[in-house]
Number of protein chains: 2
Amino acid sequence: MVSEEEKRQKIRLIEEKLKEKDCKLTPQRKATLDVLIENESKHLSTEDIYQLVKDKYPDIGLATIYRTLQLFDNFDIVKKLNFNDGCYRYELSEDHRHQHHHLICLTCGNVYEFDDDLLDQLEDRIESNNDFQVKDHMVKFFGYCKDCKEDDNEKEP
Amino acid sequence: MVSEEEKRQKIRLIEEKLKEKDCKLTPQRKATLDVLIENESKHLSTEDIYQLVKDKYPDIGLATIYRTLQLFDNFDIVKKLNFNDGCYRYELSEDHRHQHHHLICLTCGNVYEFDDDLLDQLEDRIESNNDFQVKDHMVKFFGYCKDCKEDDNEKEP
DNA sequence: AGTATATTGCAAATAATATTCATTGTCAAG
DNA sequence: CTTGACAATGAATATTATTTGCAATATACT
């Protein structure tokens with residue numbers, strides 16, 4: 001969790017970013033942003049976000065949520081995630097150099113996060129080997145989480 | 001490209017895999033598989049596949065394509081890819097230990113492939129650090145390809 | 001051949017997302 | 001202030017990819 005001050009700072013930066021391209025941080029967008037900040041690492045779906053924003057701004061329309069998330073995605077304010085569960089999910093973008101990745105359990109569907117900087121080496125290698133300038137990456141691992149591994153063992157003996 | 005003999009061998013193995021679970025390699029499924037084999041590394045969408053299979057089997061229905069791809073995905077015969085362009089794309093699964101990954105150009109949208117085994121180290125690290133048993137991974141890199149990098153340079157000077 | 005079961009094609013249903021359009025809010029210039 | 005330009009919004013509607021129900025068909029096994 002982040003402090004109130006960090007949060008305000010974050011919002012200020014985002015507002016600047018938007019203003020540079022003549023976009024406004026309207027109350028609806030602010031409310032959406034607040035929800036995203038208050039639910040870091042929750043991987044909310046569009047519908048989740050809609051429901052949560054409605055608490056703060058009851059008159060908001062679903063279309064606005066879609067448009068806002070699209071805008072935030074274009075501005076790299078959020079990351080659009082796809083866990084193949086039928087909808088997109090969103091999380092706040094982090095600094096490029098400490099991006100986290102996702103571990104998706106094939107049994108229970110839970111999504112865990114982990115950090116690693118090994119990918120940076122890989123990026124460098126791609127830049128030189130493939131003549132491709134890497135700006136970002138997205139990594140997902142599929143497998144079995146602690147709990148589901150254990151459940152599996154229970155069946156065996 | 002693979003030889004005809006390798007191709008037949010591949011199909012035979014897949015047929016075995018299906019039979020074990022009482023599924024059949026019907027003519028429709030065979031036609032779909034052929035299309036996938038003949039278009040390796042093309043990242044075909046469902047619609048692409050539908051159009052191509054129709055050449056071989058004109059009466060096939062779109063729903064069958066969807067069901068077949070779902071089946072193939074469950075059997076790990078194909079990989080379901082998502083390049084955030086509004087549809088899923090498919091490619092034949094490869095051996096786990098030499099999986100390739102995708103470089104997606106943010107400008108032209110082209111998808112390039114590259115191979116690397118650095119990910120295996122990362123998997124090992126995850127297994128020990130996170131108590132998560134990794135079965136598969138999916139890695140995408142976003143950036144600018146050779147051509148689009150050059151175009152960019154033309155604007156600068 | 002006969003039966004059980006998987007599979008198919010079609011049409012209709014769904015679900016997520018996008019778009020149209022009339023209305024509203026914002027803000028700088030007069 | 002008021003006006004004008006234009007971005008942003010909500011509601012309803014459209015669109016798109018995908019899924020499902022179902023009756024008809026194909027297939028494998030006896």
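All values reported here derive from a predicted model rather than from experimental measurement. Reminder, nothing fancy here: chain letters follow the sequence lines and each chain counts from 1.
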Trainee: Pick base, sugar-phosphate or nothing for B:Tyr50, based on heavy-atom distances below 4.0 Å to the nucleic acid.
Mentor: nothing
Trainee: Identify which nucleotide among D:dG10, D:dT19, D:dT9 has an atom closest to any side-chain atom of A:Tyr57, counting heavy atoms from C-beta outward.
Mentor: D:dG10
Trainee: For B:Ala31 and B:Lys56, work out which heavy atoms get closest and say how close.
Mentor: O-CD, 3.9 Å
Trainee: Looking at C:dT17, I'd like to know if its phosphate oxygens (OP1 or OP2) sit under 4.0 Å from a side-chain N or O belonging to A:Thr46.
Mentor: yes
Trainee: In whole Å, I'd like the distance from the OH atom of A:Tyr88 to the P atom of C:dA16.
Mentor: 13 Å
Trainee: Output the rounded distance in Å from CG (B:Leu69) to P (D:dA17).
Mentor: 14 Å
Trainee: What's A:Glu47 touching, base or sugar-phosphate or nothing? Going by heavy atoms closer than 4.0 Å.
Mentor: nothing
Trainee: For D:dT18 and B:Tyr66 - does any side-chain N or O of the residue sit under 4.0 Å from the phosphate oxygens OP1/OP2?
Mentor: yes
Trainee: Any side-chain N or O of A:Gln28 under 4.0 Å from OP1/OP2 of C:dG25?
Mentor: no
Trainee: Considering heavy-atom distances to DNA chain C, does B:Asp22 or B:Ile65 have its closest nucleotide positioned more toward the 5' end?
Mentor: B:Asp22
Trainee: Do you know the tightest heavy-atom contact between B:Lys17 and B:Phe75?
Mentor: NZ-O, 3.2 Å
Trainee: Quick one: does B:Arg67 reach the base of D:dG21 with a side-chain donor-acceptor pair under 3.5 Å?
Mentor: yes
Trainee: Roughly, in whole Å, what's the span from CD1 in B:Ile60 to P in C:dT7?
Mentor: 13 Å
Trainee: Using distance alone, with no hydrogens and no angle criterion, decide if B:Glu47 and B:Gln51 have a side-chain donor and acceptor under 3.5 Å apart.
Mentor: yes
Trainee: So if I take every side-chain heavy atom of A:Ala63 and compare against C:dT17, D:dA12, D:dA8, which nucleotide ends up nearest?
Mentor: D:dA12
Trainee: Indicate whether OP1 or OP2 belonging to D:dT18 is found under 4.0 Å from a side-chain N or O atom of B:Gln70.
Mentor: no
Trainee: Can you tell me the distance, in whole Å, between the CG atom of B:Asp48 and the C1' atom of D:dA17?
Mentor: 13 Å
Trainee: CG of B:Leu44 versus P of D:dA17: gap in Å, rounded?
Mentor: 15 Å
Trainee: So, OP1 or OP2 of C:dG9: does either fall under 4.0 Å of a side-chain N or O from B:Thr64?
Mentor: yes
Trainee: Rounded to whole Å, please give me the gap between CG in A:Asp59 and C1' in D:dA11.
Mentor: 12 Å
Trainee: Mind calculating the distance between CZ (A:Phe75) and P (D:dA7) to the nearest angstrom?
Mentor: 13 Å
Trainee: Give the rounded distance in Å between these two atoms: NZ of B:Lys21 and C1' of C:dT7.
Mentor: 18 Å
Trainee: Measuring centre to centre across the rings, with the benzene-like ring taken for any Trp, is A:Tyr90 within less than 6.0 Å of A:Phe72?
Mentor: no
Trainee: Has B:Thr26 got a side-chain N or O lying under 4.0 Å from the OP1 or OP2 atom of C:dT8?
Mentor: yes
Trainee: Looking at every non-hydrogen atom in both residues, tell me the closest pair between A:Lys140 and A:Asn82 and how far apart they are.
Mentor: NZ-O, 2.7 Å
